[in-house]
Amino acid sequence: MLRPKIPTMPQPTGLVTPPAVIEPTTVTPAALTPQPAPTAPAPSRPAIQLTPGTALALVGGGTAVVLVVGAVLVSMLLAVAVTATSTAVCAVVIRSLLTRRSR
């Protein structure tokens with residue numbers, strides 16, 4: 001059987017420098033900083049209030065999204081139906097041609 005050759009690591013050529021010696025350093029703790037004075041909390045924001053115009057815009061936007069998504073889905077379904085119908089018609093024509101030829 002064929003056996004793969006395992007490559008060997010070549011020995012370094014030229015000048016080789018010894019690794020640099022790293023001396024340990026001491027860790028000095030940082031001076032403690034005083035905590036900042038607590039700030040007053042910001043006043044709470046009021047709840048969102050829908051005006052009749054805003055509500056109408058939201059309903060209109062939602063309706064538009066639903067209509068667009070519905071139109072896309074219906075067009076995809078129509079494309080699948082047209083493709084299936086044309087494939088079925090082609091199959092019937094080819095079948096009839098083959099049965100006439102064999103007679």
Side-chain angles (χ1 to χ4, degrees):
M1 298 299 292
L2 299 174
R3 293 189 180 195
K5 292 177 87 176
I6 299 173
T8 58
M9 294 295 294
Q11 296 298 324
T13 59
L15 298 175
V16 178
T17 57
V21 177
I22 300 174
E23 296 181 11
T25 58
T26 59
V27 177
T28 57
L32 295 177
T33 58
Q35 293 289 335
T39 59
S44 62
R45 294 172 51 178
I48 297 174
Q49 297 178 354
L50 293 177
T51 62
T54 308
L56 186 63
L58 286 175
V59 169
T63 304
V65 167
V66 167
L67 289 176
V68 168
V69 170
V72 168
L73 292 177
V74 167
S75 64
M76 289 173 63
L77 180 63
L78 182 62
V80 169
V82 167
T83 303
T85 304
S86 63
T87 304
V89 168
C90 288
V92 168
V93 168
I94 290 172
R95 182 177 170 188
S96 67
L97 289 174
L98 291 176
T99 53
R100 284 185 187 170
R101 181 178 276 181
S102 63
R103 286 183 191 177

Exercise. So if you build clusters from Ile, Leu, Val, Met, Phe, Trp, Tyr with side-chain heavy-atom gaps below 4.5 Å, do V65 and L73 land together?
Worked result: yes

For this session: To the nearest 0.5 angstrom, please state how far the OG1 atom of T63 sits from the CG atom of L58.
Result: 10.5 Å

Exercise. Who pairs with S86 by side-chain hydrogen bond (donor to acceptor under 3.5 Å, both in side chains), at least two apart in sequence or on another chain?
Worked result: none

